[in-house]
Amino acid sequence: MTDTEFLDDLKSRCLALIDGEDDAIAIMATLAGELYHSVEGFDWVGFYRVTAPQMLKIGPYQGGHGCLQIPFDRGVCGAAARQAQTQLVDDVDAFPGHIACASSTRSELVVPCFNRQGEVFAVLDIDSDQPAFFTKAHQDFCEDLLATVFSR
Ligand code: SME
């Protein structure tokens with residue numbers, strides 16, 4: 001199976017698992033579980049939700065404990081929420097303000113989740129213990145999956 005086939009297959013599985021569900025937390029929990037267990041190298045997968053102005057709070061996740069709150073002006077997650085743009089970080093030590101919830105994390109992909117009004121209401125954070133683990137294909141996959149699930 002090629003990487004593309006693998007990610008296409010993973011997207012189909014994710015969509016099948018949440019078919020008919022419209023509760024955001026139920027969807028986040030299901031996606032976090034499926035992504036974490038499907039991809040070796042995804043060592044932490046979870047969502048942070050915008051629960052107050054300029055503030056993210058932990059949502060459903062798989063992996064070790066994450067920080068409970070992240071202000072928009074801190075960390076990779078904060079940057080993704082503030083800029084409403086995906087952050088693909090090959091080396092977390094080189095990212096100013098990176099928050100080390102786990103000292104084993106080496107690289108990180110954080111993708112904003114937009115609601116149907118086009119507002120960021122959460123971010124998906126995926127961390128890897130391997131440096132430069134994430135590819136443009138991973139980024140495209142996550143952006144496409146989240147748009148399909150939350151924005152359309
Ligand atoms: N590293 C993230 C914080 C969240 S955890 O790693 C689970 C960041 O810098 O935003």
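Just so you know, ligand 1 is whichever comes first in the structure, and atom 1 is the first atom listed for that ligand.
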Student: Of all the non-hydrogen atoms in the protein, which one sits nearest to atom 4 (C) of ligand 1, and at what distance?
Tutor: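 Nearest neighbour among protein heavy atoms for atom 4 (C) of ligand 1, to 0.1 Å: D125 OD2, 3.3 Å.
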Student: Is there a side-chain contact between D140 and E143, using heavy atoms and a 4.5 Å cut-off?
Tutor: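 SC-SC contact between D140 and E143 confirmed.
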Student: Report, in ascending order of atom number, the atoms of ligand 1 lying under 4.0 Å from any heavy atom of G75.
Tutor: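 So the answer, numbered in order with elements, is 8 (C), 9 (O), 10 (O).
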Student: Run the numbers for me: atoms of ligand 1, each under 4.0 Å from some heavy atom of W44, listed by number.
Tutor: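 Reading through ligand 1 atom by atom, the close ones are 7 (C).
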Student: Treating Y48 as the side-chain partner and C67 as the backbone partner, does any N or O pair qualify as donor plus acceptor under 3.5 Å?
Tutor: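 Yes, the answer is positive, given that a donor and an acceptor are paired below the 3.5 Å cut-off.
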Student: Looking at C77, which atoms of ligand 1 are within less than 4.0 Å of one of its heavy atoms?
Tutor: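 Listed by number with element: 8 (C), 10 (O).
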Student: Using a strict 4.0 Å cut-off to heavy atoms of Y48, name the atoms of ligand 1 that fall inside it.
Tutor: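 Every atom of ligand 1 under 4.0 Å from some heavy atom of Y48: 4 (C), 7 (C).
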Student: Can you tell which of I99, V45, V92 gets a heavy atom nearest to atom 3 (C) of ligand 1?
Tutor: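 It is I99 that holds the nearest heavy atom.
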Student: Which heavy atom of the protein is the closest neighbour of atom 6 (O) of ligand 1, given with residue, atom name and distance?
Tutor: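 Answer for atom 6 (O) of ligand 1: D127 OD2, 2.9 Å.
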Student: Indicate yes or no: at least one non-hydrogen side-chain atom of V123 is less than 4.5 angstrom from one of Q87.
Tutor: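 Side-chain contact under 4.5 Å: no.
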Student: Considering only heavy atoms from C-beta outward, does the side chain of L146 approach that of S151 to under 4.5 Å?
Tutor: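 SC-SC contact between L146 and S151 ruled out.
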Student: Any non-hydrogen side-chain atom of N115 less than 4.5 Å from a side-chain atom of F150?
Tutor: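 Answer no - side chains too far apart.
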Student: How close does the nearest protein non-hydrogen atom get to atom 2 (C) of ligand 1, and which residue and atom is it?
Tutor: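 Minimum-distance protein heavy atom for atom 2 (C) of ligand 1 reads E108 OE2, 3.0 Å.
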Student: Within ligand 1, which atoms have a heavy atom of H98 less than 4.0 Å away?
Tutor: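 By the 4.0 Å cutoff, the relevant atoms are 1 (N), 9 (O).
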Student: Is it the side chain, the backbone, both or neither of F95 that has a heavy atom closer than 4.0 Å to ligand 1?
Tutor: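 For F95, no heavy atom sits under 4.0 Å from ligand 1.
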Student: Which residue and non-hydrogen atom of the protein lie closest to atom 5 (S) of ligand 1, and at what distance in Å?
Tutor: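 Protein heavy atom at minimum distance: C101 SG, 3.1 Å.
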